[in-house]
Amino acid sequence: MQEEHIEDLNDIMKVRRQKLAKLQEMQVNAFAYAFERDHTAQQVIDDFEALQEKPVAIAGRIMSLRSMGKAAFGHIMDASSRIQIYVRQDQVGDAAFEVFNLVDIGDIVGIKGTVHKTRAGEITIFAQQFVLLTKNLRPLPVVKERIEDGQKVTYDAFADTELRYRQRYVDLIVNKNVRDTFVMRSKVVTAMRRYLDGKGYLEVETPVLQPIYGGAAARPFTTHHNALDMTLYLRIADELYLKRLIVGGFEGVYEISKDFRNEGIDRSHNPEFTMMELYVAYEDYSFMMNLVEEMINTICQDVLGSSKVMYQGGELDFTPPWPRLRLFDAIQKYAGVDLYGKSRDELRSAAKSLHIEIESFWDSGKILDEIVKEKVEPHLIQPTFLCDYPVELSPLAKRHRDDPKLVERFESFVAGREISNAFSELNDPIDQRGRFEQQMAMKEAGDDEAQMLDEDFLKALEYGMPPTAGLGMGIDRLVMLLTDSPSIRDVILFPTMRPEML
RNA sequence: GAAGGUGUAGCUCAGCCGGUAGAGCAGCGGCCUUUUAAGCCGUGGGUCGUGGGUUCGAUUCCCGCCACCUUCACCA
C-alpha cells in the first residue's frame with residue numbers, strides 16, 4: 001500500500017485511525033519517545049513479597065482488557081512475562097482515563113502503580129499513572145486461555161502456519177512457545193560457543209561469496225559481482241576456507257554461519273541454514289566423535305538441565321558414549337545384506353532387490369548412500385555415529401588407516417536425521433587432486449552436485465596441512481531436537497517463503 | 001518437480017447436493033470500580049484465494065492459476 005486510502009481499510013483499522021486522530025486532538029503523543037521503567041513483569045511476580053504495596057513502573061503490550069466503566073482490568077506483556085494491571089479513573093485521573101478509554105488490545109503502554117494481589121489471588125499492578133506509548137493500528141489475534149479440569153485450554157489460537165511464518169512478529173507477540181523456542185535457540189548457540197571457546201578454539205569468519213564453491217555436494221546459488229564482472233557463488237559450506245586456516249597455522253578454528261543450498265524446501269531443509277564447522281589440528285575422527293557427544297551433551301545440560309529430551313513423543317538420551325556403528329555393519333543389520341567390497345553392478349542389483357530407485361549415472365558410492373538413506377537412517381533414533389564410509393562418497397576425507405576402500409568419516413544421527421558430518425581431513429594434495437578429478441568426471445556424467453576442483457585449495461595443501469579432524473553440524477536441526485520442533489521452519493525466525501501475491 | 005489436502009469476517013471455524021453467508025472471540029454503542037474466555041443489552045462488518053467456464057443465477061459444480069500444508073523427489 002504505497003498511498004494510504006482509509007476507505008480501503010477494514011472497519012477495525014478505520015476505528016483505530018479515528019482513535020489516533022482523537023488522541024492527537026487531545027495533544028497526546030500516540031508514539032512516545034521513551035518510558036522509564038524500573039521492573040519487568042517477571043521481576044514483579046518473582047519479588048512479589050518484597051514489592052507488595054510498593055510502587056513500580058513497567059511497560060508492555062496490552063494483551064487483554066476487561067472494562068467495567070470507571071475501572072478496567074487487563075494484562076500487559078513485556079519480554080519477560082505477562083502481568084495483570086488494574087486501572088481506575090479515580091486513581092489515574094480523568095484525563096489519563098480518557099486516554100485509557102481509547103486504548104485497544106495491542107497498544108503499548110507504561111504503567112506506574114503499586115503491587116497488590118486481587119481478591120482472586122492474582123498479582124496485579126494498581127495503576128496510579130497510565131501513559132500510552134505506542135498506538136496499535138492493526139488488530140491483533142486475541143488468544144484466550146482458560147483452565148478446564150486442570151487443563152489449560154486455548155481458544156482462538158493464532159495457528160495458520162502461513163500467516164505465522166509470513167508475519168513472525170505477530171506469531172512472537174501472540175504465541176509464547178514460539179518466543180521460548182527462539183530464546184532456546186540463542187541459548188544453544190551460546191552454549192556451543194562457550195564449549196568451543198573453552199577448548200581454546202578460535203571463532204573466525206570466512207567468505208560467503210566464493211568464486212569456487214566447495215566442501216559439500218549441493219547445488220549453489222549463483223550471483224554476479226558487477227565491478228569484477230564475475231560469477232560468485234553463495235557458499236554451500238565453509239570447509240575449504242577453514243582448512244586453509246589450519247594450513248596457515250591456527251590449530252583450532254570454528255565458524256557458525258549461514259550456508260546456502262539451492263535445493264528443495266521441506267520440514268528439515270531451508271535454502272539458507274546455519275552450520276557450525278570446526279577443524280582441529282593433530283586430531284582425527286575418533287577425537288571428533290568424542291567431542292561431538294561431549295559437546296551435545298554439555299549443551300543439553302546447559303540449556304535443559306538434563307541429558308534427556310522429549311522429541312515428538314519419544315525420549316532422546318544424549319548421555320555419552322553414543323553407539324558407533326560402521327556403515328557396512330549398519331547395512332548388514334538393517335537391510336540384511338553385506339555390501340562391503342561389492343562392485344557397482346552388484347550394488348545396483350542389491351538396490352533393485354531392496355526396491356530402491358537409482359539413477360543410471362550413479363557410481364557405487366552414491367548407490368550405497370541411497371541404500372543407507374532408505375534402510376538405515378530411519379532406524380537411528382537415539383544418538384548414533386555411523387562411521388567408515390566408502391571413499392567415493394567423501395572426496396575430502398582421508399582414507400581409512402586400515403582399509404583403502406573406506407574413509408575415516410562419521411555422521412551422527414538423531415531421530416533419523418543427520419545432525420553432523422565429520423572426518424579425518426584429507427591432507428595429501430596428490431590424493432586430493434585425484435578425488436577432485438573423479439568428482440569432475442561425475443559432473444561430466446550428469447551429477448550436478450559433484451564438487452568443483454579448487455586449485456588454490458590444492459595449492460594450500462601442498463604447503464602442508466597438519467593431520468586435522470573436521471566437523472560440520474546443522475544448528476537448525478540440533479535446535480529442532482532440543483525444542484521439540486517438527487519443522488525446521490519452527491526454528492528459523494524468517495523461513496524462506498514464496499512472496500505473497502498482491 | 002509430482003501427488004493429495006487446505007484457502008469463507010481482524011483471529012478460530014461452521015455452512016452451501018447451485019438461489020450472493022453464520023457462530024465465538026475481537027470491534028462499535030450502552031450499563032457496570034476486584035475482573036480474568038468478565039458479564040448483561042444492543043449493533044456494524046465479508047468482491048466466500050484468484051481468473052475463466054457451465055447456468056436464468058456460482059461461495060457451492062467444472063477448468064486454469066496463486067499460496068500454504070502433508071507425502072515423495074533433490075538435499076543437510
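Chain naming here is simple, since letters A, B, ... match the order of the sequence lines and numbering starts at 1 in each.
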Polar side chain donor-acceptor pair, [X] to [Y], under 3.5 angstrom:
| X | Y | value |
| --- | --- | --- |
| Y285(A) | D388(A) | yes |
| N270(A) | R489(A) | no |
| S420(A) | S412(A) | yes |
| T124(A) | H116(A) | no |
| R477(A) | S485(A) | no |
| Y389(A) | E408(A) | no |
| Y279(A) | E277(A) | yes |
| E425(A) | T468(A) | no |
| R235(A) | S257(A) | yes |

Among [options], the nucleotide that comes nearest once only the side chain of [X] is considered:
| X | options | answer |
| --- | --- | --- |
| R498(A) | rA76(B), rA67(B), rC69(B) | rA67(B) |
| H75(A) | rC69(B), rU36(B), rA67(B) | rU36(B) |
| R219(A) | rG1(B), rC74(B), rU36(B) | rC74(B) |
| D11(A) | rG44(B), rU34(B), rA26(B) | rG44(B) |
| V15(A) | rU36(B), rC68(B), rG27(B) | rG27(B) |
| I488(A) | rA67(B), rC28(B), rA76(B) | rA76(B) |
| K373(A) | rA76(B), rU34(B), rU36(B) | rA76(B) |
| R489(A) | rC69(B), rU36(B), rA67(B) | rC69(B) |

How is [X] classified with respect to the nucleic acid when contacts are heavy atoms under 4.0 Å: base, sugar-phosphate, or nothing?
| X | answer |
| --- | --- |
| E374(A) | sugar-phosphate |
| T161(A) | sugar-phosphate |
| D369(A) | nothing |
| Q84(A) | base |
| F273(A) | base |
| F97(A) | nothing |
| M497(A) | sugar-phosphate |
| K258(A) | nothing |
| G264(A) | base |
| K19(A) | sugar-phosphate |
| D266(A) | base |
| A216(A) | nothing |

Could you measure between the two [atom1] atoms, the one in [N] and the one in [M], and give it in whole Å?
| N | M | atom1 | answer |
| --- | --- | --- | --- |
| rG49(B) | rU8(B) | P | 6 Å |
| rG64(B) | rU71(B) | C1' | 24 Å |
| rU47(B) | rC66(B) | P | 23 Å |
| rU12(B) | rA26(B) | C1' | 11 Å |
| rG24(B) | rA14(B) | P | 16 Å |
| rG7(B) | rC48(B) | P | 14 Å |
| rC65(B) | rG18(B) | C1' | 24 Å |
| rC16(B) | rU33(B) | C1' | 47 Å |

Next on the checklist: If the cut-off is 4.0 Å, is R16(A) near the phosphate of rG27(B), judged by side-chain N/O to OP1 or OP2?
Outcome noted: no
Checklist entry - When you check the phosphate oxygens OP1 and OP2 of rU71(B), does a side-chain N or O of R267(A) lie under 4.0 Å from one of them? => result yes
Length of the line joining [X]:[atom1] and [N]:[atom2], which is rounded to integer Å:
| X | N | atom1 | atom2 | value |
| --- | --- | --- | --- | --- |
| M13(A) | rG45(B) | CE | P | 18 Å |
| D104(A) | rG29(B) | CG | P | 10 Å |
| F73(A) | rU35(B) | CZ | P | 7 Å |
| R166(A) | rC69(B) | CZ | P | 9 Å |
| I105(A) | rU35(B) | CD1 | C1' | 14 Å |
| I125(A) | rU35(B) | CD1 | P | 19 Å |
| L393(A) | rA76(B) | CG | P | 10 Å |
| R138(A) | rG27(B) | CZ | P | 17 Å |

For [N], the Watson-Crick or wobble counterpart (both distances under 3.5 Å):
| N | value |
| --- | --- |
| rU35(B) | none |
| rG18(B) | none |
| rC68(B) | rG5(B) |
| rC25(B) | rG10(B) |

Next on the checklist: Tell me whether the side-chain N or O atoms of E122(A) pair up with the base of rU35(B) as donor and acceptor below 3.5 Å, since no angle test is needed here.
Outcome noted: no
Checklist entry - Just wondering, more than 12 heavy atoms not from Q43(A) lying within 6.0 Å of its CD? => result yes
Checklist entry - Angle class for the F385(A)/W322(A) ring planes (parallel below 30°, perpendicular above 60°, tilted otherwise)? => result parallel
Next on the checklist: Please verify the inter-ring angle class for H379(A) with Y334(A); under 30° counts as parallel, over 60° as perpendicular, anything in between as tilted.
Outcome noted: parallel
Checklist outcome for this item: By nearest-heavy-atom nucleotide on RNA chain B, the more 5' of R261(A) and S487(A) is S487(A)
Next on the checklist: I need a per-nucleotide contact map over nucleotides 8-14 of chain B, read 5' to 3'. Cutoff is protein heavy atoms under 4.0 Å; write B for the base, S for backbone only, - otherwise.
Outcome noted: --BSS--
Checklist entry - Between Y213(A) and D454(A), does a side-chain contact (heavy atoms from CB on, under 4.5 Å) hold up when you go through it step by step? => result CA-CA 8 Å; Y213(A) 61 91; D454(A) 186 334; over 6 Å; no
With the criterion being N/O to N/O and under 3.5 Å, what pairs connect the protein with nucleotides 38-40 of chain B, and how long is each?
| from | atom 1 | to | atom 2 | distance (Å) |
| --- | --- | --- | --- | --- |
| rA38(B) | OP1 | K144(A) | NZ | 2.0 |
| rA38(B) | OP2 | R66(A) | NH1 | 3.3 |
| rA38(B) | N6 | S67(A) | O | 2.8 |

Checklist entry - Is a side-chain donor or acceptor of K135(A) paired with a backbone partner of L102(A) at a separation under 3.5 angstrom? => result yes
